[in-house]
There are 2 protein chains.
Amino acid sequence: MVDQAKKKASKSAVTIVDVAALAGVSIKTVSRVVNSEPNVRQSTRTRVSQAISELNYRPNTAARVLSGKRFYVIGLVYENPNEFSYMKDVLNGALKACEAGGYTLLLLPLTLPNKELVSEVQIFATQSRLDGVILPAPMGDYSEINALLDELEIPFARIAPKTDIADNISVVCNDEEASYSVTKFVIEQGHTRIGFIKGDPEHGATDKRFNGYKSALKDFKLKYDSKLVCDGQFSFESGKSATRKLFKLTDRPTAIIASNDDMAAGTIYEAHERGLNVPNDLSVIGFDDTPIASQIWPPLTTVRQPIMEMAESATTLLIRKLRGENIELPDEPFKCSVVTRASTMHR
Amino acid sequence: MVDQAKKKASKSAVTIVDVAALAGVSIKTVSRVVNSEPNVRQSTRTRVSQAISELNYRPNTAARVLSGKRFYVIGLVYENPNEFSYMKDVLNGALKACEAGGYTLLLLPLTLPNKELVSEVQIFATQSRLDGVILPAPMGDYSEINALLDELEIPFARIAPKTDIADNISVVCNDEEASYSVTKFVIEQGHTRIGFIKGDPEHGATDKRFNGYKSALKDFKLKYDSKLVCDGQFSFESGKSATRKLFKLTDRPTAIIASNDDMAAGTIYEAHERGLNVPNDLSVIGFDDTPIASQIWPPLTTVRQPIMEMAESATTLLIRKLRGENIELPDEPFKCSVVTRASTMHR
DNA sequence: TCTCTTTTTGACAGCGCTGTCATTTGAGCA
DNA sequence: TGCTCAAATGACAGCGCTGTCAAAAAGAGA
């Protein structure tokens, strides 16, 4: 088994010529079958397919790239985060779809803010010869990047973008609805003063989560109080400082919803610092269900997003687009779910 | 600028022929310069180099791969972890080195334990046509994988392996020394009953960290007590259950050293569950300085490893080996450092 | 100066595949 | 049966580079 692999990896790799000989057709016909091109008789197709699997033939990517117009490469352009769990899911989803589709995934981690943003992406796209690009939030909302890719005629797919672009591939989840649910949950626990820490305004999820919070307050007849809302950046530190502000209020909130788990961890940190007991003195809610949510004490009530599935779906759609298939963009957003843990309790 | 890039990406990309024409030499000579081959007169080399930068020429990888014997691809084979921070550093380091060396990095995330381990790696290595492989712990210690790669004649580099292999590239850090330092630190804080939670026995760091603990106890005349030592798996859950065991001891430890931060987070979790105050009632120490170390409360005293630098170094060495350069393996291990935070205090 | 050796340079085939275009096949129909 | 025309198949060039080997240039020695 190992010998066989070795043979294939070195000299006598199976080529299209071998397959053609075994199937008794020309190499062009084999090429047609491999690429699912039309105008091949069913019987021929079957014969070639058999030869392919008999010889365990794999097309040589370098040769395909050299002679054809495609590169079989998809780039993943992302903000290199401190806390990688979101990107880990994106990565795994994209990797899975690429493997299934016969594409290679190339990574471009970027630091934000970044003045060279466009030129970095440009160099990446041209030098790495990309067919398509995946843009997870917040990369999907830089119009310069979108414009660049349009100009280079490189299709791209966005994960959880903020804005819509006509005819473009993007996958989203029902953030607003999920935020509504979790806010409703907190209200039903008897809380009336509910703090909210917003996320990075560049992210599409930020507004949606905030809107869900506001709708729930409204539906349950709680007055919206802007003093209870603080800006954040999705970082642990920003969660801490927003929480400090909320704690300074004379009538401080009895529950705080942070727009992601890292910020919620910051809230819990500050509560501990002040000797407040979570959840007795303060309920805390996060978003994303990252590992930290279950590893801090008390474990966080949070909202789980199916990031990996979203990334896989976006990548698969992109690949199908690259293949020239007719794709229909998903009409239903992906579903989030509330995960109830010990950081919340009834008042 | 964008137009130029577009041009290059599509039809009229600059090829070796253009460079040869501008420099007034044959394409073979350009090829020699590009590949730093010998037997090119210095004046010729300069002229060609100028033409290359003037035209901003980049060799077409597909063509190189097709005609040559190299693939310009390095594979990163890793255990797909729950907590990605270690792998994030490995990834960034490897990516950086690959970019600098003109190689492409391909990922193979694996789930362990895995019966198909060898065949998965084999398929990856042969189908993706790898020149070399990076094996971060614990992947470097599977002898079947090492044997497979040897048989396929694919060089590999290991990060923090457990065992030595003659003549093989590997980078390590001074884990034992660092563990000794941190244990010494705890002893100097006045603790005499110091618990220790071991890591996954597959990892090279596990024994080293344990040995450092034992040496420090010995040097400071504290009796080694096997009841104070528990097995763990580097996971949060294993940290929790090891801690529960330690808490059941009649004379429970006043400090617990966990072999990584996730397990230390488990220890803190259990302490909170029992109403113990960290650090007043229990000092807790971790290893690795992952994000969670600074985001839980209280933040963890831990040991920082320069993983990214190690990965970059391993990858660079591998690339130089692939280029046929004479490499000397580093004789000095990388240095870890103790990061003191609020989870420890004097008794 | 000439010859012999070493260094430097170049001509050319060919890697494995796809795109183009020509040719063959066979189905449908008069 | 022969004819037409679309469908199916094949021949072949060529993508951009490297490996091989031959040729030219430059030194070295006498």
Side-chain angles (χ1 to χ4, degrees), chain A residues 8-49 51-52 55-72 102 126-127 129 131 322-324, chain B residues 8-48 51-52 55-73 102 126-127 129 131 322-324:
Chain A
K8 250 176 285 157
S10 52
K11 293 279 161 258
S12 49
V14 177
T15 75
I16 200 170
V17 177
D18 304 318
V19 177
L22 180 60
V25 296
S26 74
I27 59 167
K28 181 68 221 191
T29 299
V30 177
S31 172
R32 287 196 180 93
V33 173
V34 168
N35 294 289
S36 311
E37 285 173 25
N39 297 334
V40 178
R41 200 175 303 153
Q42 187 50 50
S43 59
T44 311
R45 206 179 282 275
T46 311
R47 202 147 33 92
V48 172
S49 300
I52 287 173
L55 296 174
N56 193 22
Y57 165 73
R58 301 282 150 193
N60 180 320
T61 307
R64 294 179 113 176
V65 171
L66 190 57
S67 68
K69 287 165 181 150
R70 295 205 233 138
F71 306 123
Y72 299 93
T126 53
Q127 295 202 358
R129 305 181 200 245
D131 294 305
L322 294 175
R323 287 199 180 125
Chain B
K8 249 175 289 160
S10 54
K11 292 279 161 254
S12 50
V14 178
T15 75
I16 200 170
V17 177
D18 303 318
V19 177
L22 180 59
V25 296
S26 74
I27 59 168
K28 182 66 222 192
T29 299
V30 176
S31 172
R32 288 197 180 94
V33 173
V34 169
N35 294 289
S36 310
E37 285 173 24
N39 296 334
V40 178
R41 199 175 304 151
Q42 186 51 50
S43 58
T44 310
R45 203 179 284 277
T46 311
R47 202 147 34 92
V48 171
I52 288 174
L55 296 174
N56 194 21
Y57 165 71
R58 303 281 151 194
N60 180 320
T61 307
R64 295 179 112 176
V65 170
L66 189 57
S67 68
K69 286 165 180 152
R70 298 207 228 134
F71 306 123
Y72 299 92
V73 173
T126 53
Q127 295 202 359
R129 309 184 196 240
D131 295 303
L322 294 174
R323 287 202 180 122

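Sequence lines set the chain letters: A, B, ... in the order given, protein chains first and strands last, and positions in each chain run from 1. Because only heavy atoms are used, hydrogens play no part in the values below, and waters and symmetry mates are left out as well, while side chains stay in.
Side-chain atoms of A/R32 do not come within 3.5 Å of backbone N or O of A/E37 as any donor-acceptor pair.
Among the heavy atoms of the strands, none lies under 4.0 Å from B/V65. In this structure, B/N39 reaches the bases: a heavy-atom distance under 4.0 Å links it to at least one base atom across the strands shown. Backbone-only contact: A/P59 has heavy atoms under 4.0 Å from sugar-phosphate atoms and none from a base. If you check every strand for non-hydrogen atoms under 4.0 Å, A/V34 touches nothing.
Rounded to whole Å, atom C1' of C/dG10 lies 13 Å from atom CZ of B/R41. Distance CD1 (A/I27) to P (C/dG16): 11 Å, rounded to an integer number of Å. Rounded to a whole Å, the CG atom of B/N60 is 8 Å from the C1' atom of D/dC15.
Below the 3.5 angstrom threshold, one finds no donor paired with an acceptor across the side chain of A/R58 and the base of C/dG16. Judged by distance alone with a 3.5 Å cut-off, a donor-acceptor contact links the side chain of A/R32 to the base of D/dG10. Checked by distance alone, A/K28 brings a side-chain donor or acceptor within 3.5 Å of a matching partner on the base of C/dG19. Side-chain atoms of B/S67 and base atoms of D/dC17 include a donor and an acceptor less than 3.5 Å apart.
In this model, the phosphate group of C/dT18 is approached by a side-chain N or O of A/N35 to a distance below 4.0 Å at OP1 or OP2. For the pair A/S31 and C/dT18, the criterion of a side-chain N or O lying under 4.0 Å from OP1 or OP2 is met. An OP1 or OP2 oxygen of D/dC17 is reached within less than 4.0 angstrom by no side-chain nitrogen or oxygen of B/Y72. For the pair A/T15 and C/dC15, the criterion of a side-chain N or O lying under 4.0 Å from OP1 or OP2 is not met. Side-chain N/O atoms of B/S26 include none lying less than 4.0 angstrom from OP1 or OP2 on C/dT9.
Between A/I16 and B/V40, the one whose closest nucleotide on DNA chain C sits nearer the 5' end is B/V40. For B/R45 and A/Y57, each mapped to the nucleotide of DNA chain C holding its nearest heavy atom, the one lying further toward the 5' end belongs to B/R45.
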